[in-house]
Amino acid sequence: MIKPIIEEKTVERIRSLVNSAGVIAVTCHMAPDGDAIGSSMGLAHVLQRLGKDVRVVTPDMVPRTLQFLPQMRDVTVLTQDEAAAREAISRAQLVFCLDYNRMARIDRLAEAVEMSRAPRVLIDHHLEPDEKAFDVMVSMPEASSTCELVVRLLLQLGMMNLVDRQAAQCLYTGLMTDTGNFTYGCDNPEVFEVASLLVRRRIDVPYLYRMAMNTYSADSLRLQGYALSEKMQVFAEQGAALITLTQDELTRFNYHRGDTESLVNKPLAIPEVKWVMFLREDTDRVKVSCRSKGDFSVKELCSDNFGGGGHNNAAGADFMGTIDEAVAIFYDILSSTALNCPEPSSPGPS
Ligand code: MN
């Protein structure tokens with residue numbers, strides 16, 4: 001049984017907003033991941049079947065690994081066509097905000113959304129949503145994914161019959177990617193019931209896994225191999241690992257966004273490693289990405305030291321300093337999370 005956990009009055013407000021809007025925009029966070037674009041496209045398909053004029057608008061490009069999702073060509077990308085993105089928002093009578101908790105997460109798209117008078121409906125599972133930014137909120141940090149919440153909302157709206165194979169592909173993709181193919185964030189058995197409802201739409205589960213989670217270019221595989229063999233430092237006694245990649249190294253391997261997507265998870269395979277930090281040098285910042293297993297939380301570690309945030313086992317930040325400064329912070333954290341700091345293991349043959 002999937003229990004109705006969204007407040008009935010919230011569901012009814014969303015129903016009446018959808019009923020009275022002919023033109024709807026669905027937005028998601030920048031650098032969209034499987035959950036952001038999957039939930040947006042899945043909801044958009046359903047709203048289209050209700051006869052609505054719907055546009056999915058993203059702040060920037062959807063990564064290549066997610067381009068296989070149905071109707072991706074219909075997505076309006078602000079960095080590709082700013083005028084079209086602004087127009088889609090300004091003509092919308094209702095704006096859905098999926099998989100983000102504050103306007104800063106949609107980058108320059110925020111200007112258009114803030115200028116619009118259309119009501120904003122949040123559906124999201126990140127902590128601490130900015131309550132002032134949204135008119136109606138379905139905010140449940142305990143949910144596995146925004147896709148799970150979209151399915152729950154559709155169930156409570158009595159609209160699951162509108163979820164066809166295309167919508168199910170999108171929604172399953174987000175459920176799968178945000179749970180690492182059902183390996184974390186899915187303690188609640190109802191997550192599998194939600195997945196089951198989607199699999200019933202005769203989606204091709206192995207195909208979706210291969211496309212969304214196990215597709216890499218040769219360059220990307222080589223970059224990951226290099227990172228693990230030459231750039232991974234393991235601090236077994238402190239239960240930590242660090243991987244750094246500089247702009248020069250990324251250029252050497254013809255880096256494209258998404259190429260290091262799951263790299264940060266790899267050191268967690270080492271039994272002694274409880275948490276991992278991956279630092280990727282960008283043009284004007286350092287992308288900080290942390291993962292942990294068990295009770296060790298990386299959320300505070302990312303927010304306190306780098307001004308970022310996230311979940312207990314997966315967090316990140318945009319650090320506006322140099323990669324050397326970020327590494328120095330890592331060592332500070334390392335010495336404060338353990339009393340004795342022996343020499344790190346060799347990062348590999350040089
Ligand atoms: Mn998500």
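In each ligand, atom 1 is the first atom listed, and ligand 1 is the first ligand listed.
- Within the structure, side chain to side chain donor-acceptor pair (under 3.5 Å) contacts touching residues 161-171 (residues at least two apart or in different chains) are Gln71-Gln166.
- Protein N/O/S atoms closer to the Mn ion (ligand 1) than 2.8 Å number 4 in this structure.
- In summary, Asp60 and Arg257 engage in a salt bridge, as defined by a charged side-chain N under 4.0 Å from a carboxylate O.
- Using cut-offs of 30° and 60° for the angle between ring planes, the Tyr172 and Phe182 rings count as tilted.
- Relative orientation of the Trp275 and Phe296 rings is parallel, given thresholds of 30° and 60° on the angle between their planes.
- Between Phe68 and Tyr207, the angle of the ring planes goes over 60°, which puts this pair in the perpendicular group of the 30/60° scheme.
- Taking the six-membered ring for Trp and thresholds of 30 and 60 degrees, Phe306 and Phe319 have ring planes more than 60 degrees apart, a perpendicular arrangement.
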